[in-house]
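What follows is a single structure, written as structure tokens, with notes after it.
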There are 2 protein chains.
Amino acid sequence: MAHQTGTPRRAPLSRARVLSAAVALADDAGIDSLSMRKLSQDLGVVPMALYKHVANKEELLDGMVDVIVGEIGPPDPGVDWKAAVRQRILSARRALLRHPWASRVLETRTTPTPAVLDYQDSMIGMFRDGGFSVDLTHHVMHALGSRMFGFTQELFEAPSMEPHVQAAALRQMSARYPHIVAIALRTDHDEGSVVGLGCDDQFEFEFALDLLLDGFDRLRLRGWSSTADLSDA
Amino acid sequence: MAHQTGTPRRAPLSRARVLSAAVALADDAGIDSLSMRKLSQDLGVVPMALYKHVANKEELLDGMVDVIVGEIGPPDPGVDWKAAVRQRILSARRALLRHPWASRVLETRTTPTPAVLDYQDSMIGMFRDGGFSVDLTHHVMHALGSRMFGFTQELFEAPSMEPHVQAAALRQMSARYPHIVAIALRTDHDEGSVVGLGCDDQFEFEFALDLLLDGFDRLRLRGWSSTADLSDA
DNA sequence: ACCTGAACACCGTTCAAGT
DNA sequence: ACCTGAACACCGTTCAAGT
């Protein structure tokens with residue numbers, strides 16, 4: 001009990017410890033609560049101590065992305081390219097859904113981190129192994145965009161209100177935005193019944209992903225090339 | 001010359017004047033330079049004066065989005081749904097490209113503004129007029145995501161370096177990231193010639209857009225439904 | 001009643017002073 | 001040589017004091 005008095009000796013800081021504390025803070029308190037000052041407080045350290053392990057806040061965010069992208073499971077061996085790509089992307093999606101801030105931070109990165117490059121390189125390899133040309137693979141990777149990490153920018157979350165408040169709001173909107181209201185209620189002009197509100201994000205994600213993968217396959221089979229599209233559809 | 005002395009009488013502030021000054025500031029100095037304080041300075045006004053026309057900074061950003069979305073040209077009448085949607089989206093893209101900050105701000109909005117709702121409503125109308133069911137239109141709008149506003153999250157801009165510095169960097173990368181380098185150089189293992197670096201963003205955007213629109217069309221023709229997909233494709 | 005200066009509670013980062 | 005407290009140059013927004 002006497003062998004250590006006064007201010008407790010802290011476990012020495014390391015880049016890994018800084019990053020995992022940052023991930024934990026963002027997970028618990030939200031990305032807006034992640035500041036260098038608050039992070040240093042969590043680590044029981046003076047703010048400037050962080051700057052020995054991380055050049056600045058941008059590099060901290062880069063490191064956090066690397067941690068999450070590193071959590072993405074490896075590809076299943078021995079399945080065709082479409083199944084492999086699909087499984088990998090859905091695995092990435094699960095990793096990002098565990099850390100709600102991660103997709104938002106990933107979007108703001110300007111330089112890819114090593115884990116991101118590893119991930120992209122292996123995904124390109126899946127397409128190449130599946131018989132895609134370098135040319136087609138290039139465009140296909142662009143077409144995937146952020147979807148290759150398992151997310152898309154969800155614009156405008158539907159505001160959560162009490163059901164009958166929401167019904168009243170929609171009734172008021174229907175004069176000016178008839179099509180939006182029809183879709184929100186999943187109802188046609190013909191049938192008056194309301195099917196339901198809210199969207200199944202996972203369904204929407206897989207719907208668009210499969211649409212793209214099928215489109216990619218069709219171009220591959222057709223021998224598509226950007227310089228000369230031999231379209232016979 | 002004497003009819004006005006001392007501090008000059010400023011044109012009275014209005015929400016419209018605040019918003020257009022904010023757009024101009026973001027266009028000129030970048031979105032990171034847009035602060036309530038700097039904006040008030042541009043308008044020759046004390047910071048707190050802004051808060052009579054805009055509840056807070058979030059509402060300012062909402063208003064700025066509304067200005068830009070309002071710039072999107074109207075749809076061409078008398079063309080089929082695919083041409084109409086395509087033209088509208090490319091018009092939205094041109095509007096966003098005129099204001100480089102706009103897509104980034106649009107992504108962070110949580111509640112759609114009136115101009116956004118107008119835009120979405122009219123686009124849904126295009127699909128409905130083209131014979132899409134409410135159900136399919138719903139999923140199709142989700143699949144478009146931010147692409148309906150003419151942009152996609154471009155992850156990781158390729159860093160611009162001097163050509164032979166870049167060549168050296170790529171040579172160093174090729175051991176660990178062979179597939180990425182192959183795509184960056186647009187070269188196959190067979191042919192050794194380098195085609196070129198850099199991407200044509202407009203080409204990539206239209207490539208993915210047309211892939212999606214074609215996919216949508218195929219589902220429509222097939223009578224696709226989320227409850228019972230009669231796939232015979 | 002309206003307007004606004006000062007203040008509050010934060011930021012990320014620099015830098016010089018202390019050990 | 002290393003570490004760190006104080007300071008700098010900002011934020012968005014509140015609030016009370018002034019007219």
Side-chain angles (χ1 to χ4, degrees), chain A residues 4-19 21-65 101 104-105 107-111 113, chain B residues 4-19 21-26 28-66 101 104-105 107-111 113:
Chain A
Q4 198 169 311
T5 59
T7 56
R9 184 173 284 275
R10 309 225 149 257
L13 266 195
S14 67
R15 191 180 154 88
R17 235 164 69 75
V18 168
L19 294 183
V23 167
L25 176 55
D27 283 350
D28 295 346
I31 192 67
D32 288 339
S33 298
L34 177 77
S35 69
M36 299 299 273
R37 294 169 118 106
K38 209 167 269 174
L39 176 57
S40 71
Q41 223 174 329
D42 279 13
L43 287 161
V45 139
V46 87
M48 283 312 297
L50 300 176
Y51 286 81
K52 197 176 343 195
H53 301 96
V54 131
N56 49 38
K57 193 178 181 182
E58 284 296 292
E59 201 185 288
L60 175 75
L61 293 172
D62 283 344
M64 292 169 70
V65 164
W101 48 270
R104 182 135 298 211
V105 172
E107 282 175 350
T108 64
R109 298 307 84 206
T110 54
T111 305
T113 56
Chain B
Q4 199 170 306
T5 59
T7 56
R9 183 172 285 273
R10 310 224 150 258
L13 266 195
S14 67
R15 190 179 156 89
R17 235 164 69 74
V18 169
L19 293 183
V23 167
L25 176 55
D28 294 347
I31 192 67
D32 289 340
S33 299
L34 177 76
S35 69
M36 298 299 273
R37 294 168 118 104
K38 209 168 270 176
L39 176 57
S40 71
Q41 222 173 331
D42 279 14
L43 286 161
V45 138
V46 86
M48 282 312 297
L50 301 176
Y51 286 81
K52 197 177 342 193
H53 301 97
V54 130
N56 49 38
K57 193 177 181 181
E58 284 297 291
E59 201 185 287
L60 175 75
L61 293 172
D62 282 345
M64 292 169 70
V65 164
D66 248 23
W101 49 270
R104 182 137 298 210
V105 173
E107 282 175 351
T108 65
R109 297 308 83 207
T110 54
T111 305
T113 55

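For clarity, every value in this text was computed on a predicted model and none was experimentally measured. Protein chains get the first letters and strands the later ones, always in sequence-line order, with residue 1 at the start of each.
For A49(A) and R37(A), each mapped to the nucleotide of DNA chain D holding its nearest heavy atom, the one lying further toward the 5' end belongs to A49(A).
For dC2(D), the paired nucleotide is dG18(C), the pair qualifying as Watson-Crick or G-U wobble because both relevant distances are below 3.5 Å. Partner assigned to dC11(C) is none, using Watson-Crick or G-U wobble distances below 3.5 angstrom.
Rounded to whole Å, atom C1' of dC3(D) lies 12 Å from atom CG of L13(A). The NZ atom of K38(A) sits 11 Å away from the C1' atom of dC11(C) (whole-angstrom rounding). Rounded to a whole Å, the CD atom of Q41(B) is 13 Å from the C1' atom of dA9(D). One atom, CG of L50(B), and another, P of dT4(C), lie 11 Å apart when rounded to the nearest Å. Rounding to whole angstrom units, CG of residue D32(A) and C1' of dT13(D) are separated by 16 Å. Put simply, CD1 on I31(B) is 15 Å from C1' on dC11(D), counting in whole angstrom units.
Between the side chain of N56(A) and the main chain of E59(A), a donor-acceptor pair closer than 3.5 Å is present.
Base contact: M48(B) has a heavy atom under 4.0 Å from a base atom.
Heavy-atom minimum distance, M64(B) versus L34(B): SD-CD2, 3.6 Å. Closest non-hydrogen pair, L25(A) versus S33(A), comes out as CD2-O, 4.1 Å. In plain terms, the two heavy atoms of D62(B) and T111(B) that are nearest each other are OD1-O, 4.4 Å.
At a threshold of 4.5 Å between non-hydrogen side-chain atoms, the residues L39(B) and V45(B) do not count as touching.
By the 4.0 Å N-to-carboxylate-O rule, R109(B) lies close enough to E58(B) to be salt-bridged with it.
Donor-acceptor pairing under 3.5 Å is lacking for the side chains of W101(A) and D32(A).
In the set dG5(D), dC11(C), dG12(D), the nucleotide with an atom closest to the side chain of S35(A) is dC11(C).
Interface residues of residues 52-65 of chain B facing DNA chain D, ordered by number: N56(B), K57(B); criterion, heavy-atom separation under 4.0 Å.
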